[in-house]
Novice: 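Structure below; questions to follow.
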2 protein chains.
Amino acid sequence: MATIADVARHAGVSTSTVSYVLTGKRPISDATKSRVRASIRELGYYRSVGARSSTIRRTNVVALVLPLRDGVHMPLLTGLVTAAVTAARHHGVDVLLMTGDQAAEDLRGVVGSGQVDGFLVLDGEIDDERVASLRRLGLPSVLIGQPAATHGLTCVDLDFEAAGAACVEHLADLGHRFIGFLGAPRAAYRRTTGFAHRAMVGLSAAAMRRGVTSTIMPTAGDYCSVLRALEALLRARPAVTALVVHNEAALGWVVTALRALGRKVPGDVDVVAICPDELATRTSPPLTSVLVPAGELGRRAVELLIGKLEARAVPPLTLLAPRLVTRASTRPVPRGAHP
Amino acid sequence: MATIADVARHAGVSTSTVSYVLTGKRPISDATKSRVRASIRELGYYRSVGARSSTIRRTNVVALVLPLRDGVHMPLLTGLVTAAVTAARHHGVDVLLMTGDQAAEDLRGVVGSGQVDGFLVLDGEIDDERVASLRRLGLPSVLIGQPAATHGLTCVDLDFEAAGAACVEHLADLGHRFIGFLGAPRAAYRRTTGFAHRAMVGLSAAAMRRGVTSTIMPTAGDYCSVLRALEALLRARPAVTALVVHNEAALGWVVTALRALGRKVPGDVDVVAICPDELATRTSPPLTSVLVPAGELGRRAVELLIGKLEARAVPPLTLLAPRLVTRASTRPVPRGAHP
DNA sequence: TTGAAAGCGCTAACAG
DNA sequence: CTGTTAGCGCTTTCAA
């Protein structure tokens with residue numbers, strides 16, 4: 001493997017000249033510059049990142065910390081990860097993958113040994129303890145998700161409150177006056193700071209504003225739970241003509257269950273989902289949905305982190321505006337359907 | 001951040017002694033050893049991987065190259081990735097994530113700059129061109145998947161032929177005599193070396209051996225295609241009492257479609273799937289399945305790569321034996337059902 | 001069993 | 001505009 005000395009010799013210049021051609025940190029005559037470039041190409045030279053990072057104290061590698069535990073939906077994860085890697089490469093930065101369980105000690109090691117410049121942490125439900133240990137690492141970091149206290153962190157997330165509201169707005173615009181909400185499993189609402197809670201709040205608030213009646217219920221991810229929840233919902237409020245679903249696991253069962261209960265989608269019941277795009281398009285009919293912009297999330301997180309690495313000021317909390325895509329599961333309510 | 005010199009000073013020894021305590025490459029008296037260890041702990045010292053890799057020419061980082069394009073199923077991907085990362089960490093190795101599209105030039109850069117020691121490449125459908133460029137990189141690599149020519153590579157994959165056979169064996173054991181096979185989309189069978197082809201061959205061969213009649217058809221991933229395929233199948237061969245499905249996208253629709261055609265699962269038609277485990281358990285009823293051992297695949301790939309890094313001889317092709325798990329979708333055929 | 005010192009490949013003063 | 005040189009933090013001879 002060629003070294004910088006090889007290139008210098010080959011081009012008939014000093015090593016520092018080669019280095020400066022590479023970094024652009026001082027003016028070099030076009031003549032030597034191109035001579036050096038030619039030598040570099042000819043010898044197939046690449047700077048050793050080891051030696052380089054050892055001198056400049058910077059690796060151009062960021063760690064991406066993913067939680068192992070479930071509850072994080074797969075498509076979201078993969079979309080986010082590929083977008084993050086692509087965006088990072090675009091800035092000449094590589095991504096080191098770490099899993100959430102190799103927590104404290106491993107992370108310390110990675111920063112202690114100067115292996116990465118910063119952290120990208122994916123964790124919707126991060127708790128204070130983890131936030132604290134993150135801060136203790138002393139390296140710039142960006143959190144994907146929105147913890148209780150943003151306090152001194154940089155976070156990026158979908159604006160779930162706006163997402164919940166967008167669903168209601170859409171349905172109200174179509175003429176619906178009674179909507180049901182199938183939410184996350186019950187446990188998710190214990191934390192009034194979680195995204196489940198925020199979506200629900202946004203939905204409820206928008207419903208009040210628009211004067212539509214909303215009935216909300218938590219749901220588990222299996223068919224039986226979905227069926228039971230819908231039965232209960234339709235019994236309690238037979239006038240319901242629209243459904244907002246914020247539960248990726250349950251999503252696949254909703255239309256099936258509604259059909260089993262004798263309701264057509266759309267027609268008898270319109271459905272709007274809050275979920276990654278490919279989930280909404282893989283049902284039949286494809287669902288009108290507020291998409292969780294996985295790719296955008298990853299991209300923005302990288303951008304923010306790189307901003308911090310370059311000592312730029314970045315906003316502490318970035319909330320991505322929801323985007324509602326209309327598909328076959330929602331339609332204007334026929335005139336006079338709701339007296 | 002503490003350096004090795006700090007530790008040496010603090011422990012009252014030379015830097016080389018500290019280094020040797022760390023590497024264990026020469027005997028050190030227990031007295032100094034523990035003194036050095038204490039200083040290390042006290043100062044919170046970690047070896048700089050930059051400086052280290054710059055001298056020893058080894059980074060303890062491997063690249064994991066994932067294809068971006070779809071066709072690779074998400075759950076498989078995430079399971080594989082987390083297992084690989086975990087296994088690698090277990091060997092003190094970190095994982096650098098790369099996406100398949102940043103192909104040639106980026107990969108060259110990563111090896112040229114000495115950023116990684118080897119490659120883990122996930123690509124079921126890798127072509128000769130990519131294999132060649134992989135070999136040209138000149139670093140140890142392990143391929144997850146099985147290309148046409150294993151020639152000089154190290155590969156690990158599920159034994160799809162055995163998987164296809166296992167499905168037939170199971171169904172034949174239960175008494176089924178007529179089985180249908182819902183395969184991958186048509187295009188997947190153009191390559192007679194792909195995993196789709198191999199599963200199909202294994203199934204057909206086993207059917208012949210067991211004297212059961214098999215009818216095979218390709219399938220797209222949407223509900224309509226599945227429904228049409230099943231209609232066609234049942235029309236062509238009404239005696240079919242069992243179905244093998246090797247199509248993850250279609251899987252979710254199979255039971256629904258069978259019900260729409262008036263068949264109970266199990267009972268009228270038994271279903272066996274070849275798919276990742278969590279896909280088989282998320283349908284109702286849960287499906288008997290041959291699982292694609294995503295985690296095992298990742299783990300083995302890492303083990304093989306580390307073997308190569310340590311200059312151990314490793315088998316060129318590792319085929320993981322399929323494991324069939326019986327669930328609610330298959331049952332013994334009632335006596336006399338098939339005269 | 002330990003230390004001194006050379007060297008890994010690169011960058012960044014310092015010096016023209 | 002360019003070269004010389006002293007580091008960066010670590011490993012590994014060589015010498016005791």
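Reminder, nothing fancy here: chain letters follow the sequence lines and each chain counts from 1.
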Novice: B/Met1 CE to D/dC10 P: how many Å, rounded?
Specialist: 11 Å
Novice: Give me each pair satisfying salt bridge (Lys or Arg N to Asp or Glu O under 4.0 Å) with a member in residues 56-66 of chain A, each pair once, sequence neighbours excluded.
Specialist: A/Arg58-A/Asp117
Novice: Heavy atoms under 4.0 Å is the rule here; annotate nucleotides 11-16 of chain D 5' to 3' with B where the base is hit, S where only the sugar-phosphate is, and - elsewhere.
Specialist: SBBB--
Novice: Report all side-chain donor-acceptor pairs from residues 41-52 of chain B shorter than 3.5 Å, counting only partners two or more places apart or in another chain.
Specialist:
unit_1: B/Tyr46; atom_1: OH; unit_2: A/Glu105; atom_2: OE2; d: 3.0
unit_1: B/Ser48; atom_1: OG; unit_2: B/Gly50; atom_2: N; d: 3.4
unit_1: B/Ser48; atom_1: OG; unit_2: B/Ala51; atom_2: N; d: 3.1

Novice: Base, sugar-phosphate, or nothing: which does B/Thr32 touch, judged by heavy atoms less than 4.0 Å apart?
Specialist: sugar-phosphate
Novice: Which residues satisfy the side chain to side chain donor-acceptor pair (under 3.5 Å) test with A/Ser113, sequence neighbours excluded?
Specialist: none
Novice: Taking heavy atoms of chain A and a 4.0 Å limit, find me the 5'-most and 3'-most nucleotide of DNA chain C within that range.
Specialist: C/dG9 to C/dC14
Novice: Partners of B/Leu139 by side chain to side chain contact (heavy atoms under 4.5 Å, CB included), sequence neighbours excluded?
Specialist: B/Val111, B/Val116, B/Phe119
Novice: Please list all pairs passing the side-chain hydrogen bond (donor to acceptor under 3.5 Å, both in side chains) test where one or both residues lie in residues 18-32 of chain A, with sequence neighbours left out.
Specialist: A/Ser29-A/Thr32
Novice: For residues 132-141 of chain A, pull every pair meeting side-chain hydrogen bond (donor to acceptor under 3.5 Å, both in side chains), keeping only residues two or more places apart or in separate chains.
Specialist: none
Novice: So what is the end-to-end bend of the helix from C/dT1-D/dA16 to C/dG16-D/dC1, with 5 pairs used at each end and the value given to 10 degrees?
Specialist: 40°
Novice: Report which part of the nucleic acid A/Ser48 touches: base, sugar-phosphate, or nothing (heavy-atom distance under 4.0 Å, all strands).
Specialist: sugar-phosphate
Novice: Could you check if a side-chain atom of B/Leu122 sits within less than 4.5 angstrom of a side-chain atom of B/Val65, using non-hydrogen atoms only?
Specialist: no
Novice: Report the residue (B/Pro27 or A/Ser54) whose heavy-atom-nearest nucleotide on DNA chain C is the more 5′ of the two.
Specialist: B/Pro27
Novice: Is there any salt bridge (Lys or Arg N to Asp or Glu O under 4.0 Å) pair reaching into residues 295-317 of chain A, and which pairs are they, with sequence neighbours excluded?
Specialist: A/Glu296-A/Arg299, A/Glu296-A/Arg300, A/Glu310-A/Arg312
Novice: Which residues pass the side chain to side chain donor-acceptor pair (under 3.5 Å) test with A/Ser53, sequence neighbours left out?
Specialist: none
Novice: List in chain and number order the residues that pass salt bridge (Lys or Arg N to Asp or Glu O under 4.0 Å) with A/Arg37, two or more places apart in sequence or in another chain; answer none if no residue qualifies.
Specialist: none
